[in-house]
Amino acid sequence: MEEKSVEYQQRLTKLEDLRKAGVNPYPNDFKPSAECAQVLKDFGELTKEDLEAKNISLSIAGRIMAIRDFGKASFIQVKDRTGRLQAYIKKEIVGEEAYSLFKAMDMGDIIGLEGALFRTRTNELTVEAKRLRLLAKGLHPLPEKWHGLTDIEARYRQRYLDLMVNPEVKDVFLKRTAIVKYLRDFLCSRDFIEVETPMLQPIAGGAAAKPFKTFHNALGMELCLRIAPELYLKRLVVGGLERVFEINRNFRNEGISTQHNPEFTMLEFYQSYATYEDLMDLTEEMISSLVQEVHGAKKIDYQGTALDFTPPWQRITVKEAVLKYSKAPEEIFTDRDKALKFSKELGLNIPEGLSHGKIITEIFEAAAEHRFIQPTFVTQYPVDVSPLSRKNEKDPSLVDRFELLVMGREIANAFSELNDPVDQKERFLSQLKEKAAGDVEAHEMDEDFVKALEYGMPPTAGEGIGIDRLVMILTNSPSIRDVILFPQLKR
RNA sequence: GAGCCGCUAGCUCAGGUGGUAGAGCAUCUGCCUUUUAAGCAGGUGGCCCCGGGUUCGAGUCCCGGGCGGCUCACCA
């Protein structure tokens, strides 16, 4: 359909005319000597007279974002990856032939030009072109210059257009890159080493989620896209890589929302001879310094809410949180029936065979989780929702685990790792029972992982940080789709 | 999976109670050698998301479908 548009047909004709005239509309031998932002920075202070005296010659390349045509002379805006610079094309200077070539150029074309800097009457730093070349013809008209591209579906499906015309979108993704780099550097500076572990796994372990399934033809076996790298990273810890991390994609075959994309990016790291408490300290330092670095302050605005990442952050147990934010009697923590009864008072629809710990977790999520707007570590989760975590020394119904909540959302999840192979095997077995009882997200048995633990894993703490959600908060983005270049869409 | 909202020119958007489909930008033609969303004059451009129905007549009303957004449920 769109190929029939008048603009497209006109540009196709221009393309053919250029080829007939012996001009290659897609050459690749132009090397710009300068970039827009650097030119503005280096020469932005020079006066009209300075520029005339120095006669600074340079060449730039980029996309034509605006054309203001005066007949025998034109102003254009050229945009490269660094910014925009104005250029002036004058028939008298470039010559008859080049000017008619220029007249055939359109908004959105990629061009290269060279000339000297000067200042216009309105004092704008401008390149006065002596020569110009078409570097790539664009066949589609650009979105509107003032409103840009606002249709949200078009922005996701044609992200290149979104990036081209909406500068704040590019800023978000540059920031995302900066955030990932900062985290990577932070961990490397503490002697963590970055690794890559399988995306295709015979058993999708390390989290409670539905996997995507696929099939390897040559091996004749079913494989899953990973839902977490956890079990492989811990195998590496067994192997003696005492500090490891991975920043990579996880895949979960579940719903899509402003907080969920089927593939999302997770930072997972493991540190031997550390506890979950050590990781709270590390996380506080890593993320608060990240916020400072990326944002220039530890206080930020997120969708109208002031967030303060200045350490220390609140630390509270699941039990304390439930008691604080609901009218739950304390006995719910020791008596499953009382917990079940209270969950019904909250209007929760709890399936029959649900374990005590899961009921407590449900109550916590319904009554308290959303209350934690400022960065908060919630600790001491029930053992039956944490099949890979180390049990608490004093209370074996709990595990040494925390979740970091910001805006009531889980940003990170960490625990002291379970390294007792016998206990781990029992936990897997009890997960199998839950699976048999109908819990589709219960953890699979992974004998090979248990075997690795049987060789001895040093006491270790590990953590996962949801990068997309962290980026959302640091870029003030309301939807996860705003921080993923190509979010999942239908068809 | 459920509820609510949206889909009209390349882009951004108007189109009370049904009556030949509009504007701005972009584009084309003409004028213009210092503009800043340049200006002036004149043009081109539409399966109004798709399919049924009601009606003399549907962009508009009804039914079904598609895609998208938000909220909810599951999840990080």
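Remember, predicted model here, so these are calculated numbers, not experimental data. Within every chain, numbering begins at 1; the chains are lettered A, B, ... in the order of the sequence lines, protein sequences first and strands thereafter. Below, each value reflects all heavy atoms present in this structure, side chains not excepted, and no hydrogens, waters or symmetry copies.
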- prompt: Tell me: OH of A:Y88 to P of B:U33, nearest whole Å?
  reply: 9 Å
query: Where the side chain of A:V6 is defined as all heavy atoms beyond and including C-beta, which of B:U33, B:C70, B:U44 is the nearest nucleotide?
result: B:U44
message: Checking contacts here: which listed nucleotide (B:G68, B:C11, B:C32) is nearest the side-chain heavy atoms of A:P143?
response: B:C11
task: Give one of base, sugar-phosphate or nothing for A:R84, where a contact means two heavy atoms less than 4.0 Å apart.
output: nothing
message: What contact category does A:G464 fall into here, base, sugar-phosphate, or nothing, at under 4.0 angstrom with non-hydrogen atoms?
response: nothing
- request: Assign each of A:R121 and A:E263 to its nearest nucleotide of RNA chain B by heavy atoms, then name whichever residue's nucleotide is nearer the 5' end.
  value: A:R121
query: Roughly, in whole Å, what's the span from CD in A:E144 to P in B:C13?
result: 9 Å
message: Taking B:C63 as the reference, what is the distance to B:G6 when you measure between their P atoms (whole Å, please)?
response: 14 Å
query: If you take atom types as modelled and just measure distance, does the side chain of A:Q86 reach the base of B:U35 with a donor-acceptor pair under 3.5 Å?
result: yes
message: If the cut-off is 4.0 Å, is A:K490 near the phosphate of B:G68, judged by side-chain N/O to OP1 or OP2?
response: no
message: Considering every strand and a 4.0 Å limit on heavy-atom distances, what is the contact class for A:N261: base, sugar-phosphate, or nothing?
response: base
- prompt: With a non-hydrogen cut-off below 4.0 angstrom, is A:E410 in contact with a base, only sugar-phosphate, or nothing?
  reply: sugar-phosphate
statement: Out of B:C28, B:U35, B:G69, minimum distance to the side chain of A:R481 belongs to B:G69
- request: For A:E92, report the nucleic acid contact type (base, sugar-phosphate, nothing); a contact means any heavy atom under 4.0 Å.
  value: base
- prompt: If you check the A:T126 side chain, which of B:C28, B:U12, B:U35 turns out closest?
  reply: B:U35
message: Using OP1 and OP2 only, check whether a side-chain N or O of A:K103 sits under 4.0 Å from B:U27.
response: no
task: State whether A:T150 places a side-chain N or O below 4.0 Å from either non-bridging phosphate oxygen (OP1 or OP2) of B:C13.
output: yes
message: With a 4.0 Å cutoff (strictly under), does any side-chain N or O of A:R68 reach OP1 or OP2 of B:A38?
response: yes
message: Taking any heavy-atom pair under 4.0 Å as a contact, classify A:M107: base, sugar-phosphate, or nothing.
response: sugar-phosphate
- prompt: Any Lys/Arg nitrogen of A:R252 or A:E263 sitting under 4.0 Å from an Asp/Glu carboxylate oxygen of the other?
  reply: no
- prompt: Charged N to carboxylate O below 4.0 Å: is that the case for A:D109 and A:R63?
  reply: no
task: Pick the P atom in B:U27 and in B:G65, then give their distance to the nearest Å.
output: 42 Å
- prompt: Is there a donor N/O on one and an acceptor N/O on the other, under 3.5 Å, for the side chain of A:T120 and the base of B:U35?
  reply: yes
query: Atom NZ of A:K90 and atom C1' of B:U34: how far apart are they, to the nearest Å?
result: 9 Å
- prompt: Between B:G24 and B:A38, how far is it from one P atom to the other, in whole Å?
  reply: 16 Å
message: For B:A38 and A:K145 - does any side-chain N or O of the residue sit under 4.0 Å from the phosphate oxygens OP1/OP2?
response: yes
field: Partner of A:I465 by side chain to side chain contact (heavy atoms under 4.5 Å, CB included), out of A:M266, A:E268, A:E410, A:M286
entry: A:M286
statement: Ranking B:U33, B:U12, B:C70 by distance to the side chain of A:T258, first place goes to B:C70
task: Whole angstrom is fine here: how far is it from CG in A:L489 over to P in B:C70?
output: 11 Å
- prompt: Are A:K137 and A:D106 close enough for a salt bridge, meaning some N to O gap below 4.0 Å?
  reply: yes
- request: Select base, sugar-phosphate, or nothing to describe what A:K48 touches, counting heavy atoms under 4.0 Å on all strands.
  value: nothing
task: Give A:F118 one of three labels, base, sugar-phosphate or nothing, depending on what nucleic acid heavy atoms sit under 4.0 Å from its own.
output: base
message: Here's a test of your reading of the structure: between A:A207 and A:S257, which maps to the more 5' nucleotide of RNA chain B?
response: A:S257
- request: With heavy atoms under 4.0 Å as the rule, sort A:D468 into base, sugar-phosphate or nothing.
  value: nothing
task: Using a heavy-atom cut-off of under 4.0 Å over every strand shown, decide if A:Y156 touches base, sugar-phosphate, or nothing.
output: sugar-phosphate
- prompt: Quick one: do A:K175 and A:D482 make a salt bridge, cutoff under 4.0 Å?
  reply: no
- prompt: Once you round it to whole Å, what is the distance between P of B:U12 and CG of A:D151?
  reply: 6 Å
- request: Figure out the CD/C1' separation between A:E153 and B:U12, and round it to whole Å.
  value: 16 Å
message: Do the side chains of A:E284 and A:R315 get close enough for a salt bridge, i.e. N-O under 4.0 angstrom?
response: yes
field: Rounded distance in Å between the P positions of B:G52 and B:U60
entry: 14 Å
message: When the C1' atoms of B:C4 and B:G51 are compared, how many Å lie between them, rounded to an integer?
response: 24 Å
- request: Answer yes if the ring centres of A:Y276 and A:F415 are under 6.0 angstrom apart, and no otherwise.
  value: no
- request: Identify which nucleotide among B:C32, B:G10, B:U12 has an atom closest to any side-chain atom of A:F70, counting heavy atoms from C-beta outward.
  value: B:C32
task: With a 3.5 angstrom cut-off on both distances, give the Watson-Crick or G-U wobble partner of B:G51, or none if there isn't one.
output: B:C63
- prompt: When the distance from CG of A:N166 to P of B:A37 is rounded to whole Å, what number comes out?
  reply: 18 Å
P gap between B:G30 and B:U35, integer Å: 23 Å
- prompt: Can you check the A:E362 CD to B:A73 P distance for me, whole Å?
  reply: 11 Å
- request: Give a yes/no verdict on a cation-pi contact between A:R176 and A:F173, requiring under 6.0 Å between NZ or CZ and the six-membered ring centre and an angle within 45° of the axis.
  value: no
